[in-house]
Structures are given as C-alpha cells and as structure tokens.
Amino acid sequence: IDAYRSFVGKVMFVATKVCPKLGAAIRALSAHMQNPGVQHWCAMNRLIDFMKQMELKEIIYMEPESFQTISLADTDYGNCRETRRSVGCSLITVGGCLVDWWMAKHHTISDSSCEAEYKELAKCAKGVKYVQSILTELNLVVLPGLIGEDNQGAIFLAENKQVNERTKHIDIRYHFIRDEVKKGNVIIEYMETKWMLADMMTKGLPSPRHTMLSKAIGIFSVSLEGKC
C-alpha cells in the first residue's frame with residue numbers, strides 16, 4: 001500500500017504542476033488509496049508504461065495577443081460509481097496560454113447534469129477572479145473574461161436569477177457566478193462538447209482525441225537537442 005500511495009503522490013504532483021493530461025488517470029487511482037485492489041495495481045502499471053513510452057512533453061507558452069482570461073469549465077456527471085458525485089474540471093488561460101487548472105470530485109451530489117455544470121462554473125469564476133486580480137495589479141487586465149461551457153441549462157442559470165422547484169435547493173455559494181456575470185467581469189459562451197478541451201481531465205478518452213486535446217492546450221513534444 002505504501003508503494004501505491006507513493007507512486008500516486010508523485011504522479012499527482014506532476015499532473016497538478018506540469019502535465020494536466022494525466023489528470024483523469026491519477027484521479028481514478030487516487031480514489032483507492034486506502035485499499036487498492038489487483039485491478040488498481042494493473043491500472044497503475046499501465047500508467048507507468050504510458051509515462052515511460054511518452055515522449056518528453058512541455059507546455060509551450062507563446063506571447064498572448066491579449067491579456068483576456070479565456071477559461072473552460074466541464075463536468076462528468078455522476079462519475080463516481082460509489083458516491084455518485086460528479087467530477088469537475090476547469091482550465092484557465094490568459095490569452096490562450098494555460099496558467100491554472102484543476103480537477104476534483106464535487107463535495108455534494110447533483111440532481112442533474114445542469115446542476116453539476118453550474119457548480120463547476122461557479123468554481124471556475126472564482127479562479128478567473130483570482131487571475132484577474134493579479135492582472136489588475138499589473139495594469140494588464142482585460143474585461144470581461146470569457147468562460148466556455150457546453151451545457152445550455154447551466155448557462156441559462158448563470159445569466160438569469162430565476163428560481164424554481166428544480167433549482168431552489170442549490171447552495172447560495174454557487175450563485176457567485178451570477179454576480180460576476182451581472183458585474184460584467186465574465187461572460188459565458190456556449191461551446192460544443194467536441195471542442196471542450198477540459199474533457200481530457202474529467203474522463204478517459206480514446207488516444208487520438210486525448211492527443212488532439214493535449215496539443216490544443218499547448219502540450220507538445222519537444223526535442224532534447226541543444227538542451228543541457
């Protein structure tokens with residue numbers, strides 16, 4: 001068990017600091033830290049093989065055309081089979097350059113995919129607020145920030161203060177996104193699921209799509225030639 005925990009901890013550091021493409025795999029492994037079974041050891045070995053075979057990757061940062069925050073929020077509804085809680089992921093960029101990302105299981109169960117996506121939108125808006133505050137201190141902030149979302153119902157909830165029997169139970173803290181939209185700090189635009197880059201961190205994907213999304217967020221193969 002100690003060896004399993006040690007490996008998960010090391011890969012989690014890599015996934016959260018420099019390689020978001022490992023996010024979905026390490027989240028699945030970390031859910032069984034207390035009592036890993038044979039299937040979890042097999043999955044861990046597959047991940048080790050993947051990391052060995054993977055070419056050297058780096059996140060390439062290019063000069064942004066503007067300092068507007070462009071972010072993506074996505075959720076895999078009811079992902080956990082044991083708790084039925086959803087897994088949310090957000091990517092935050094400045095002018096297209098990736099600066100922050102996270103993936104975590106939600107603390108509460110959502111009644112619908114719309115509710116789960118709305119919760120992640122609120123978390124993403126808080127992250128955007130933090131990045132915008134840093135840019136404000138540097139006199140570089142460009143408002144409003146843009147958040148891409150692939151659930152039309154969640155977008156409607158964020159832009160309208162309507163309350164009905166299917167939404168009145170949502171905790172008040174998640175309505176932070178409504179206030180940010182009203183102030184004009186962020187705008188939310190619909191994005192088709194096939195272009196949702198955050199999909200890479202919420203669920204397992206076929207190799208071609210996983211590779212395509214990795215390149216889209218700036219993770220490319222690099223050569224060691226000329227490097228010390």
Side-chain angles (χ1 to χ4, degrees), residues 20 23 64-79 85-202 213 216-218:
E65 295 182 0
S66 75
F67 288 93
Q68 181 187 31
T69 56
I70 304 172
S71 311
L72 301 170
D74 189 39
T75 302
D76 189 9
Y77 176 59
N79 175 281
R85 287 187 285 170
S86 303
V87 172
C89 165
S90 293
L91 301 172
I92 299 178
T93 75
V94 175
C97 295
L98 188 63
V99 296
D100 194 14
W101 66 86
W102 63 83
M103 181 192 63
K105 189 185 298 182
H106 289 177
H107 297 299
T108 56
I109 297 175
S110 301
D111 286 343
S112 64
S113 59
C114 174
E115 180 182 339
E117 296 277 2
Y118 184 69
K119 290 177 179 178
E120 191 59 32
L121 267 179
K123 291 179 64 178
C124 184
K126 293 176 183 178
V128 170
K129 184 77 171 179
Y130 171 70
V131 174
Q132 287 178 341
S133 66
I134 296 177
L135 293 174
T136 299
E137 292 182 5
L138 299 173
N139 294 321
L140 295 173
V141 69
V142 177
L143 296 177
L146 175 64
I147 300 179
E149 171 59 50
D150 62 357
N151 187 290
Q152 304 248 26
I155 297 175
F156 180 83
L157 282 179
E159 295 177 342
N160 299 273
K161 292 189 176 182
Q162 295 185 5
V163 178
N164 56 49
E165 60 181 10
R166 300 187 64 181
T167 61
K168 63 183 180 182
H169 66 282
I170 298 178
D171 198 324
I172 192 172
R173 60 178 169 161
Y174 296 118
H175 296 315
F176 173 82
I177 181 66
R178 288 180 175 176
D179 196 39
E180 289 299 290
V181 171
K182 182 179 180 180
K183 290 178 180 178
N185 292 331
V186 298
I187 57 175
I188 306 172
E189 289 192 2
Y190 175 72
M191 175 177 288
E192 293 183 36
T193 301
K194 64 180 180 180
W195 302 117
M196 178 52 70
L197 306 185
D199 257 0
M200 178 182 64
M201 297 176 64
T202 58
L213 295 181
I217 64 174

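Just the heavy atoms: all of them, side chains too, but no hydrogens, waters or symmetry mates, feed the values below. None of these values were measured; they are calculated from a predicted model.
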Heavy-atom closest pair (Ile109 atom, Arg85 atom, distance to 0.1 Å) is CG1-CG, 3.7 Å
Quiz item: Between Gln132 (side chain) and Asn185 (backbone), is there a donor-acceptor pair under 3.5 Å?
Solution: yes
Any side-chain heavy-atom pair of Val141 and Gln68 under 4.5 Å: no
So CE of Met103 and CG of Asp74: to nearest 0.5 Å the spacing works out to 12.0 Å
Taken to the nearest 0.5 Å, the spacing of Glu115 CD from Asp171 CG works out to 10.0 Å
- Any chance the rings of His175 and Tyr118 have centres within less than 6.0 Å? yes
Looking only at heavy atoms, the pair that brings Ala73 and Cys124 closest together is CB-CB, 4.0 Å
Taking atom NZ as the centre, does Lys126 end up with more than 12 heavy-atom neighbours from other residues, nucleotides or ligands that are less than 6.0 angstrom away? yes
Val128 and Ser71 have their tightest heavy-atom pair at CG2-OG, 3.2 Å
Here the pair of heavy atoms bringing Ala116 nearest to Thr75 is O-OG1, 3.4 Å
Q. Side chains of Glu149 and Leu121: closer than 4.5 Å at any heavy-atom pair?
A. yes
Here the gap from Leu72 atom CG to Glu189 atom CD, rounded to the nearest 0.5 Å, amounts to 11.0 Å
If you draw a 6.0 Å radius around OH in Tyr190, do more than 12 non-hydrogen atoms from other residues or ligands fall strictly inside?
yes
Of Thr93, Ile187, Ile188, the one forming a side-chain contact (heavy atoms from CB on, under 4.5 Å) with Leu146 is Ile187
CD1 of Ile92 to NZ of Lys129, rounded to nearest 0.5 Å, is 13.0 Å
So CH2 of Trp101 and OG of Ser90: to nearest 0.5 Å the spacing works out to 13.5 Å
Apply the test side-chain contact (heavy atoms from CB on, under 4.5 Å) to residues Ile177 and Val186: give CA-CA distance (whole Å), side-chain angles for both, the deciding distance (0.1 Å), then the verdict. CA-CA 9 Å; Ile177 181 66; Val186 298; 4.2 Å; yes
| task | Check whether any side-chain N or O of Tyr77 sits under 3.5 Å from a backbone N or O of Asp111 as a donor-acceptor pair, and report yes or no. | result | yes
CG of Leu143 to CZ of Phe67, rounded to nearest 0.5 Å, is 14.0 Å
Which of Glu120, Met196, Glu117 passes side-chain contact (heavy atoms from CB on, under 4.5 Å) with Asn151? Answer is Glu117
Is it the case that the side chain of Glu192 and the backbone of Asp150 share a donor-acceptor pair, with hydrogens and angles ignored and the cut-off at 3.5 Å?
no
Verify the distance criterion only: is there a donor paired with an acceptor across the side chains of Lys119 and Ser86 at less than 3.5 Å? no
